[in-house]
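So the structure is just underneath, and the comments pick up after that.
In what follows, residues are counted from 1 in the order of the sequence shown. Computed from heavy atoms alone, side chains included, the values below leave out hydrogens, waters and symmetry copies. Remember, it's a predicted structure, so these values are computed and weren't measured experimentally.
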Amino acid sequence: MFRNYLKTAFRNLLRFKVYSFINVAGLALGMAACVTIFAFVQHEYSFDGFNRNANKIYRINIEASLNGKQTKFAPVPPSIGPYLMSQFPQIEHIVRLYALDMITSFGQPTVSHGQNVLRAHQFVLADSTFFDVFSFKMVQGNPRTALDAPFSVVITQDAAQELFGDENPIGKDILYNNKFHFTVTGVVQNPPSNSTIQFDYLGSLNSLPIMSGQPDILTTAIRFEYYTYLLINKTSNIKDVEQRLHEALDGYWDKTLISMLGLPIVHFELLRDSYWDTGMQYDIPMKGSRIGIMAFSVIALIILLVACANFINLSMARALARAKEIGIRKVVGGDRKQLIAQFMIESGLMSFVALVAAIALSEIFIPSINKALGMALKVAYLNNTSALLFIMIIWIATSLFAGVIPALYISSFKPTSVINWNAASSTKKPSGRKIFILLQFSAVIVLIFCTMIVVKEYNFLTFHDIGFNKDNIVVLRYDQAANGVYMPFKQKLLANRDVLGVTTADAVPGSAFGLGSLFFKDKSGTENMQVNEVSVDPDYIPVFGMKLLAGRNFSWIIQSDNMDAFILNATAVKKMGLTPQQAIGLPVSFIQQSLDGRIIGVVSDFNIESLRNSVQPLVLSMRKNVRMLAVKMSSTDIASTMAYIEKNWKQMFPNNPIEYNFLDKSLDALYKSEENLGILFTWFSSLAILIACSGLYGLALYAAEKRTKEVGIRKALGASVSEIVFLLSEDFGKWILAANVVALPLAYYFMVRWLENFAYRISIGIFPFILAATMSFVIAVLTVCIRALKAATTNPSVSLRCE
């Protein structure tokens with residue numbers, strides 16, 4: 001019996017080639033989208049899961065009050081980890097990470113071996129317990145002792161190849177910033193892409209007191225510069241530690257710190273949860289978005305449901321053409337169960353063919369997405385039980401969902417009603433098909449609307465006035481050791497007429513700024529305010545085109561500006577309850593540098609962070625230790641100007657490789673997630689539109705075939721082509737209108753919620769509603785009219801002879 005069902009299913013698949021192709025293609029595209037998005041979702045949820053003790057590793061975070069707002073910080077003082085370990089036997093190991101480029105002014109150091117000099121992008125210092133906590137695989141060296149000695153370093157395989165080539169690196173010397181000698185004690189596999197902790201060089205944290213010249217740097221309770229992780233015993237529970245945490249930390253915090261931040265609150269965060277915590281300040285940059293994951297999962301489901309709706313629509317439409325077949329089967333003894341089985345097998349066969357095509361398509365989609373988004377997604381089908389299970393679930397669910405409704409509908413025909421029934425002339429109109437058209441295009445309209453809003457918000461973030469000029473500015477990594485030759489280097493650059501300005505600073509907009517407290521006196525007494533801080537030279541404001549609202553800029557001539565002068569932004573002055581003019585000359589104290597001084601100027605607000613965040617209070621000061629050099633260039637000939645800069649850099653700093661980036665590109669990268677979201681929405685919206693249109697075309701094809709004689713008679717009686725096209729299209733137009741009524745309010749709700757994540761955001765307005773509705777009508781009408789036009793232009797004599 002099953003063999004007969006299968007044979008019949010194959011025959012019907014081949015007999016109705018156009019409908020079979022539309023069904024298989026639609027299902028294949030929907031399944032391929034699901035497989036592709038599954039690869040993305042699986043990669044995101046696998047972050048840090050490679051660690052053997054992933055569910056026992058926690059990070060210590062701090063929550064404190066900044067300007068009246070509770071703020072969470074990832075970096076903590078270096079002494080808090082050892083202190084907590086001494087208080088709680090449940091803590092098996094602690095490990096501290098000091099990420100030099102992320103949260104300090106060290107910058108990206110140079111590393112060299114022999115004549116090979118490189119810029120180390122990820123040089124991290126860590127405790128010797130690093131490999132006791134994390135499961136990075138060491139291929140050379142002893143993980144238990146590799147980081148014990150000061151100035152020992154473990155390097156990745158890529159770093160070893162880049163610095164040493166085929167030479168065995170163990171025991172070899174690495175010169176750090178032309179000053180400190182590290183000895184290679186181990187080589188590890190490159191950190192996997194799903195690890196929040198990334199590094200090329202992993203040095204011993206015991207080296208830091210010597211490198212910094214501060215013997216007590218690892219015992220302070222004030223400097224918030226260390227990521228600290230702890231491993232709980234397998235038999236212990238983190239809640240046991242948390243219950244006594246407040247009592248254990250009583251007396252730990254410095255009184256000066258409490259006066260600035262209030263009493264800090266300590267939290268433990270599971271390592272795997274830190275990837276999703278986007279509200280953490282000064283955190284490791286690897287972050288995921290649960291909202292994004294949910295959005296793409298919903299998109300995958302929508303696309304698959306649209307494809308299934310196509311299948312159901314076309315199957316039910318073809319049911320009338322198979323009415324006599326069903327009637328005869330019932331007359332000769334076929335019961336409803338057998339008919340349902342027959343159509344379910346046909347559905348399963350078609351779904352299986354679509355699944356095979358979907359796997360092939362996903363192998364095309366995934367590399368394309370990887371290239372567009374800079375990701376490394378893949379689906380290892382043979383070694384990925386979850387992927388195989390997901391694919392099987394898709395096939396079974398699709399077969400059932402797309403097969404049950406048509407099977408129940410078709411098998412319900414009564415033999416007495418269909419044996420002599422002319423299906424082509426039947427007036428029976430199954431409303432289910434219209435409902436599925438409604439659902440299909442509602443989903444498509446939601447995707448169109450959301451895509452427009454995401455793209456519009458990304459464009460807004462990219463082109464929004466951020467308070468300074470970012471164009472034609474190149475930022476170079478500038479070693480502190482080279483400060484003595486800065487002015488000669490600057491004069492060489494300014495000798496080129498295409499170099500309009502040069503400045504040095506602790507940070508440029510888009511990079512990590514320092515944090516401190518500004519003390520000032522108001523009517524109620526001494527107050528303090530948490531501020532971002534950056535050290536600059538007098539050319540910083542002119543080079544970036546910032547606007548002074550009151551007072552003056554720093555001066556190269558006035559020596560006291562190096563010691564006691566501050567420039568505040570407008571937000572800082574406003575929080576002090578002053579106007580820019582009133583702030584000039586006000587005495588203040590900056591606690592981080594222990595400097596007393598006065599305000600000499602107020603600069604207009606400019607965004608140093610992503611526009612997801614509002615402008616925060618900012619203090620500019622002068623200091624000699626800087627790590628970035630910004631060059632403003634004319635747009636006349638960027639290439640030759642860069643060649644000039646590189647030539648002079650090599651002459652002035654022969655032992656330091658040049659590394660630079662253009663500021664506008666760096667700032668655009670802050671919105672990479674929004675750009676990626678827009679790209680993916682566009683891709684998958686286009687895919688959903690394609691699937692929906694293919695189904696609509698199939699229905700239009702069937703409607704035209706069913707009304708062939710009617711069209712012929714109308715044309716013979718004088719109906720015009722436009723009247724015939726309208727006749728065949730008007731019914732679909734009503735349902736597209738209904739789909740807009742359903743979809744647009746839902747899409748608006750979702751986008752309003754999404755936009756709440758941005759301090760600076762667009763107003764949605766009426767235009768996206770009009771455009772989404774117009775696009776849906778145009779897409780649907782064009783799809784239907786293509787087939788309706790063919791029917792309308794067919795010779796009436798041909799139509800009237802058609803049976």
Side-chain angles (χ1 to χ4, degrees), residues 42-63 72 74-99 124-139 141-148 154 186 188-199 202 204-206 218 226-249 252 265-277 280 283-284 286 288 290 383-386:
Q42 187 180 49
H43 176 267
E44 293 295 285
Y45 276 107
S46 70
F47 259 81
D48 294 318
F50 69 92
N51 291 289
R52 290 186 303 273
N53 298 307
N55 294 323
K56 288 289 184 179
I57 301 173
Y58 292 84
R59 188 175 67 180
I60 303 174
N61 299 326
I62 297 290
E63 184 177 345
K72 297 186 296 182
V76 297
S79 60
I80 192 170
Y83 179 84
L84 289 176
M85 189 171 179
S86 69
Q87 299 292 312
F88 296 98
Q90 297 95 326
I91 301 176
E92 187 173 338
H93 293 292
I94 67 103
V95 59
R96 295 165 295 181
L97 301 184
Y98 189 70
V124 177
L125 300 182
D127 282 311
S128 60
T129 52
F130 181 84
F131 293 102
D132 294 317
V133 176
F134 302 108
S135 302
F136 296 95
K137 187 175 180 180
M138 186 170 283
V139 294
N142 185 344
R144 294 190 177 277
T145 59
L147 296 176
D148 283 350
V154 174
V188 295
Q189 289 182 351
N190 299 323
S193 62
N194 60 345
S195 171
T196 52
I197 297 172
Q198 297 287 326
F199 60 90
L202 190 68
S204 169
L205 188 64
N206 294 331
L218 296 180
Y226 302 79
Y227 301 116
T228 302
Y229 299 84
L230 53 88
L231 176 64
I232 301 295
N233 290 327
K234 292 182 179 179
T235 57
S236 300
N237 192 318
I238 193 66
K239 291 182 179 179
D240 297 335
V241 179
E242 290 177 327
Q243 287 176 355
R244 291 186 45 235
L245 195 55
H246 179 73
E247 178 185 346
L249 287 169
Y252 169 79
I265 302 170
V266 175
H267 296 288
F268 292 139
E269 183 175 54
L270 189 66
L271 172 64
R272 300 188 70 171
D273 290 341
S274 64
Y275 177 64
W276 306 101
D277 193 348
M280 194 71 64
D283 202 356
I284 289 175
M286 297 283 285
R290 281 200 169 96
N383 299 321
N384 193 331
T385 306
S386 299

Side-chain donor/acceptor of Lys234 to backbone N/O of Asn53, under 3.5 Å |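 Between the backbone of Asn53 and the side chain of Lys234 there is no qualifying donor-acceptor contact (under 3.5 Å).
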Is a side-chain N or O of Arg272 found less than 3.5 angstrom from the main chain of Tyr45, in a donor-acceptor match?
-> yes
Rounded to the nearest 0.5 Å, how far apart are CZ of Phe130 and CE of Met138?
->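 The CZ atom of Phe130 sits 9.0 Å away from the CE atom of Met138.
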Any pair counted as salt bridge (charged side-chain N to carboxylate O under 4.0 Å, His left out), so long as it reaches residues 80-96, sequence neighbours left out |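 Every pair satisfying salt bridge (charged side-chain N to carboxylate O under 4.0 Å, His left out) with a residue in residues 80-96: Arg96-Asp127.
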Could you check Ile197 against Tyr227 for side-chain contact (heavy atoms from CB on, under 4.5 Å), going step by step and ending with a plain yes or no?
-> CA-CA 10 Å; Ile197 297 172; Tyr227 301 116; over 6 Å; no
Between Asp283 and Arg59, is there a salt bridge with N-O shorter than 4.0 Å?
->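 Between Asp283 and Arg59 there is a salt bridge, with a charged N closer than 4.0 Å to a carboxylate O.
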Ring pair (Phe, Tyr, Trp, His ring centres under 6.0 Å) filter on His43, not counting sequence neighbours, yields Phe47
Passing option when Tyr229 is tested against Phe268, Tyr58, Phe134 for ring pair (Phe, Tyr, Trp, His ring centres under 6.0 Å) |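 Output: one option passes, namely Phe134.
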Audit row: Leu231, Asp132, side-chain contact (heavy atoms from CB on, under 4.5 Å) steps and yes/no = CA-CA 9 Å; Leu231 176 64; Asp132 294 317; 5.8 Å; no
Using the side-chain contact (heavy atoms from CB on, under 4.5 Å) rule, take Leu97 and Phe199 through it: C-alpha gap first, then chi angles, then the decisive distance, then the call.
-> CA-CA 11 Å; Leu97 301 184; Phe199 60 90; over 6 Å; no
For atom NE2 of His267, decide whether the heavy atoms of other residues, nucleotides or ligands shown that lie under 6.0 angstrom number more than 12.
-> yes
Any chance you could lay out the side-chain contact (heavy atoms from CB on, under 4.5 Å) test for Leu84 and Ile94, step after step, and finish with the verdict?
-> CA-CA 9 Å; Leu84 289 176; Ile94 67 103; over 6 Å; no
